[in-house]
Q: 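So that we are looking at the same thing, I have put the structure below in structure tokens.
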Amino acid sequence: MTTKTLPFDREKLEEIASVWPTPFYIYDRSAIEANARAFAEAFAWNPGYREYFAVKATPNPEIISLFKPFGFGTDCSSLPELELSAAASFAGDRIMFTSNDTPAAEFRRAWELGAVVNLDDISHWSFLLDTLGAGTSFSGHTMCCRYNPGSRAVGNDIIGKPLEAKFGMTENQLFECYAAMKRAGVESFGLHAMVASNELDPGAIAATAEMLFTLAGELYAQTGVRVRFVNIGGGVGIPYRPGDKAIDVRDLSDRIRAAYARRIEGGPLAPLALYMECGRCMTGPYGWLVSRVRHVKRTYRNYIGLDASMSNLMRPGMYGAYHHIEMLRRAAGSPAVDVFDVTGSLCENNDKFAVQRELPVPEPGDFAVVCDAGAHGHAMGFQYNGKLRSAELMLEPDGSVREIRRAETLGDYFATLPAEWRSRLGVPGEGKAG
Ligand SMILES: *Cc1c(COP(=O)(O)O)cnc(C)c1O
């Protein structure tokens with residue numbers, strides 16, 4: 001059995017859980033900051049390099065704000081994500097609006113904030129013009145298009161094959177869209193693609209960068225549009241399994257730098273900024289879902305039932321994703337080991353954090369810490385089966401712990417019902433969460 005290193009021990013968790021009962025999420029601030037610094041330093045060779053943190057990964061303003069001192073922006077795809085960014089004082093081209101199937105109101109708000117608007121489809125250009133109204137000035141605004149390479153690139157499991165993916169435009173549409181934007185007076189452009197998710201091969205990510213460098217050159221040759229950045233999307237993977245090899249940021253940077261030297265340096269597009277919009281690798285390894293063992297059950301299989309469920313972290317149930325689990329036991333000595341399914345309490349058989357996993361045999365009350373839950377974890381939470389979303393906590397560099405989102409209450413769960421039902425349900429604070 002392999003282990004992962006945790007920034008807390010069992011005693012510390014007991015202390016935290018005496019204030020915030022399990023389940024809860026906890027994020028390690030120092031580790032998030034050290035990683036952000038490593039990215040900023042590794043890519044400093046590129047003129048204009050910027051990482052746009054993908055807000056959807058961990059949409060908490062306290063988390064988003066951690067990235068500001070490192071020069072990051074935010075990547076948004078919805079109105080609430082735009083509002084969170086604005087509230088955290090991101091504005092103008094520090095916001096990338098990469099949406100799809102976009103409603104008019106969201107384009108309008110993104111425009112108001114001066115965000116870089118990244119179009120998912122050629123039809124969205126006329127939709128945007130209709131939304132913004134006649135006489136809109138493009139001065140000071142940057143427009144971007146999302147490219148879907150179709151059969152030219154192979155996707156991976158989570159994002160799917162580009163030919164089957166709903167995102168982005170074909171090459172012909174892309175060129176046509178830039179030409180139309182140029183005719184309308186747009187002066188500042190970028191080019192975007194995202195073809196991987198949770199990719200652990202640095203060569204594949206560098207290949208996306210090279211593909212976009214090349215495409216930017218073709219775009220310039222054919223339309224005269226000179227993009228000032230390429231955005232290679234997010235999708236940098238993290239080692240969920242103990243045997244997985246983490247991406248070495250320096251190595252990734254060196255590979256992209258070599259592609260830049262081949263395709264851009266000394267050419268008409270230089271200097272060209274490199275943008276990324278990573279979520280997972282920015283917070284994923286630095287957040288944990290902490291729960292306690294509620295029951296140990298032995299039938300045709302052995303089960304460990306937790307006080308967290310798939311509604312707290314749905315990646316394993318939805319994608320069969322692996323999350324490492326550390327058992328922090330109260331009993332001393334080396335434990336017996338057995339094979340378990342680790343479950344939550346939803347009335348759904350796919351409510352499992354692990355299937356047929358070898359683990360130390362726990363006692364009820366022991367901590368089960370689900371690792372690498374810092375991205376696309378709490379954010380994907382839901383309330384099915386009357387489950388409430390948990391608190392989010394920040395482990396500060398001095399070891400103190402701060403609540404950055406409270407746990408939901410029954411009042412939150414009932415808050416959207418008509419007043420009559422809220423009062424029958426006896427929810428305190430009519431009309432308010434509470
Ligand atoms: C989800 C998403 C990201 C972030 O992806 P990670 O895998 O978390 O790095 C970035 N850009 C877009 C457009 C996305 O949809």
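For reference, positions follow the sequence shown, starting with 1. Whatever order the structure lists them in is the order used to number ligands and atoms, beginning at 1. No hydrogens, no waters, no symmetry mates; every other heavy atom, side chains included, goes into these values. Please read these numbers as outputs of a predicted model, since none were measured by experiment.
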Q: Is ligand 1 less than 4.0 angstrom away from at least one heavy atom of Gly235?
A: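 Within the 4.0 Å threshold, so yes.
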Q: Measure up the Trp45 and Phe43 rings against each other and bin them: parallel (under 30°), tilted (30 to 60°), perpendicular (over 60°).
A: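 Rings of Trp45 and Phe43: tilted, 30 to 60°.
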Q: To check your reading of the model: name the closest protein heavy atom to atom 10 (C) of ligand 1, its residue, and the distance in Å.
A: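 The closest heavy atom on the protein side is Glu277 O, 3.0 Å.
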Q: Heavy-atom pairs closer than 4.0 Å: do any link ligand 1 to the side chain of Ala57, the backbone, both, or neither?
A: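 Looking at Ala57 and ligand 1, no heavy atom falls under 4.0 Å.
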Q: Where do Gly235 and Met194 come nearest, in terms of heavy atoms and distance?
A: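 Taking every non-hydrogen atom into account, N-CE, 3.8 Å.
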Q: Which atom pair, heavy atoms only, marks the closest approach of Arg255 to Gly203?
A: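 The answer is NH1-CA, 3.6 Å.
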Q: Testing His323, Lys4, His324, Arg280 for side chain to side chain donor-acceptor pair (under 3.5 Å) with Tyr240, which one passes?
A: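 Answer after filtering His323, Lys4, His324, Arg280: Arg280.
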Q: Out of all atoms in ligand 1, which are within 4.0 Å of some heavy atom of Gly279? Include the element for each.
A: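 Close to Gly279: 4 (C), 6 (P), 8 (O), 9 (O).
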Q: I need the minimum non-hydrogen distance between Val401 and Lys12, along with the two atoms involved.
A: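 So the minimum-distance heavy-atom pair works out to CG2-CE, 4.3 Å.
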Q: Identify, by atom number and element, the atoms of ligand 1 in contact range of Cys278, meaning under 4.0 Å from any of its heavy atoms.
A: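 Reading through ligand 1 atom by atom, the close ones are 9 (O).
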Q: Do the side-chain N and O atoms of Asp93 and Thr142 include a donor-acceptor pair separated by under 3.5 angstrom?
A: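 Result is no, nothing qualifies.
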Q: Is it the side chain (CB and beyond), the backbone, both or neither of Arg146 that lies under 4.0 Å from ligand 1, heavy atoms counted?
A: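 For Arg146, only side-chain atoms sit under 4.0 Å from ligand 1.
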Q: Return the residue, atom name and 0.1 Å-rounded distance of the protein heavy atom closest to atom 15 (O) of ligand 1.
A: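 Atom 15 (O) of ligand 1 sits closest to the protein heavy atom Lys56 NZ, 2.7 Å.
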Q: Among protein heavy atoms, which lies nearest atom 5 (O) of ligand 1, and at what distance?
A: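 Ranking protein heavy atoms by distance from atom 5 (O) of ligand 1, first comes Met194 CE, 3.5 Å.
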Q: Run the numbers for me: atoms of ligand 1, each under 4.0 Å from some heavy atom of His376, listed by number.
A: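 Heavy-atom distances to His376 below 4.0 Å select 6 (P), 8 (O).
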Q: Does ligand 1 have an atom that lies less than 4.0 angstrom from a heavy atom of Gly233?
A: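 Heavy atoms of Gly233 never come under 4.0 Å of ligand 1.
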Q: Determine whether any heavy atom of Met282 lies closer than 4.0 Å to an atom of ligand 1.
A: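 No, Met282 has no heavy atom closer than 4.0 Å to ligand 1.
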Q: Search all heavy atoms of Ile238 against all heavy atoms of Asn198 and return the closest pair with its distance.
A: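 Result for this residue pair: N-OD1, 3.1 Å.
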